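Data block below; observations after.
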Amino acid sequence: MHPADDTLTEDGWTTAVERPRVTLIACGALAREILALQRANGWEWMALACLPAKLHNTPELIPDAVRGKIHEARAEGASAIYVVYADCGTGGLLDRVCEEEGVPRIAGPHCYSFFAGNDAFAATAEGEDMTAFFLTDFLVRQFDTLIWKGFGLDRRADMRDMLFGHYTKVVYLVQAPDPELDARAEEAAARLGLAYERRETGYGDLTEFLAEAARA
């Protein structure tokens, strides 16, 4: 059954018109943040369907994977679908899928942008942040797996200069403040031989995008 709103009347609680069945199709790297916002705002009735975060290593596969999830959601009865993916290196191909399928996606070239706020990120992206390597809460947690070992830095120290030589600093965009993650992010910057900067962004544009989905 679709979730429904209950309304208190003079005769007691009555079930109002059922909400549309909303499905959020998201990158697995955003699952924790989406669930936190759902809990905080009472949006847990929206279904969450995640694709593996490792698809970022093969962004050309993201558009078809998202299309597949859209078709699955419709087959399961979704009446409203929202794509919680930035472009993520697809070169506009994800937007083409969303246009063809008639579903909205969150604006932004990558999650760093919409976490910081797309307008704010765009204002700095052509300046100092051109030489910044960004971390989110997810990437701090997965630094060893996705970056240190994923890029082979645990096996070949020379890869550091090859991959990170043009960066000057690590910028940690903080979604949910956590002293342990702060320490791990600073350590990650030291391991990469880069300066460290912390910016507390919260959930940025993700909050309003999910609020829009909840109003569908």
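Here the structure is a predicted model, which means the values were calculated and not measured.
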Less than 4.5 Å apart, side chain to side chain, heavy atoms only: is that true for [X] and [Y]?
X    : Y    : value
V83  : F209 : no
M46  : R21  : no
V84  : I25  : no
E200 : Q175 : no
V140 : D178 : no
F143 : R191 : yes
C50  : L48  : yes
L94  : V66  : yes

Working to the nearest 0.5 angstrom, can you tell me the gap between [X] [atom1] and [Y] [atom2]?
X    : Y    : atom1 : atom2 : answer
L192 : K169 : CG    : NZ    : 15.0 Å
L55  : C88  : CG    : SG    : 10.0 Å
E60  : T90  : CD    : OG1   : 10.5 Å
R160 : R156 : CZ    : CZ    : 14.0 Å
L153 : M159 : CG    : CE    : 7.0 Å
E33  : Q38  : CD    : CD    : 12.0 Å

Derivation of the side chain to side chain contact (heavy atoms under 4.5 Å, CB included) call for T207 and L210: CA-CA 5 Å; T207 303; L210 295 190; over 6 Å; no
Can you name the nearest heavy-atom pair linking [X] to [Y], along with the distance?
X    : Y    : answer
R198 : P177 : NH2-CB, 4.0 Å
L93  : P63  : CB-CG, 3.7 Å
A86  : G108 : CB-O, 3.3 Å
T136 : C111 : CG2-SG, 4.2 Å
A78  : T23  : CB-OG1, 3.5 Å
A53  : C27  : CA-SG, 4.2 Å

Residues, nucleotides or ligands: over 12 heavy atoms within 6.0 Å of D161 CG: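 More than 12 within 6.0 Å, yes.
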R74 CZ: over 12 foreign heavy atoms closer than 6.0 Å: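 Count over threshold, so yes.
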Exam field: side chain D87 to backbone G91, donor-acceptor pair closer than 3.5 Å: yes
Check: N118 side chain, D205 main-chain N or O, donor-acceptor pair, under 3.5 Å: no
Ion pair check, [X] and [Y], cut-off under 4.0 Å:
X    : Y    : answer
R105 : D95  : yes
R67  : E100 : yes
R184 : E187 : no

Check against side chain to side chain contact (heavy atoms under 4.5 Å, CB included), D137 and R32: CA-CA 9 Å; D137 289 1; R32 182 186 291 260; 5.9 Å; no
With a 4.5 Å cut-off on side-chain heavy-atom distances among I, L, V, M, F, W and Y, is there a chain of contacts connecting [X] to [Y]?
X    : Y    : value
L24  : F114 : yes
V174 : L194 : yes
L30  : L51  : no
I106 : Y82  : yes
V22  : V103 : no

Aromatic ring pairing Y85/H56, orientation class (parallel under 30°, perpendicular over 60°, tilted between):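 Tilted: the ring planes of Y85 and H56 meet at 30° to 60°.
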Parallel, tilted or perpendicular: ring planes of F164 versus F151, cut at 30 and 60 degrees: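 Taking F151 first and then F164, their aromatic rings sit tilted (interplane angle of 30° to 60°).
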Side-chain donor-acceptor pair present, Y172, D182, cut-off under 3.5 Å: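 No.
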L181 and R141: CA distance, side-chain angles, deciding distance, side chain to side chain contact (heavy atoms under 4.5 Å, CB included) verdict: CA-CA 7 Å; L181 290 185; R141 290 188 179 93; 3.6 Å; yes
Name of the residue among I34, L35, N41 meeting side-chain contact (heavy atoms from CB on, under 4.5 Å) with L37: N41
Pair K69-E76, salt bridge (charged side-chain N to carboxylate O under 4.0 Å, His left out): steps then yes or no: CA-CA 10 Å; K69 283 292 186 183; E76 293 168 358; over 6 Å; no
Pair F121 and F134, ring centroids less than 6.0 Å apart: yes
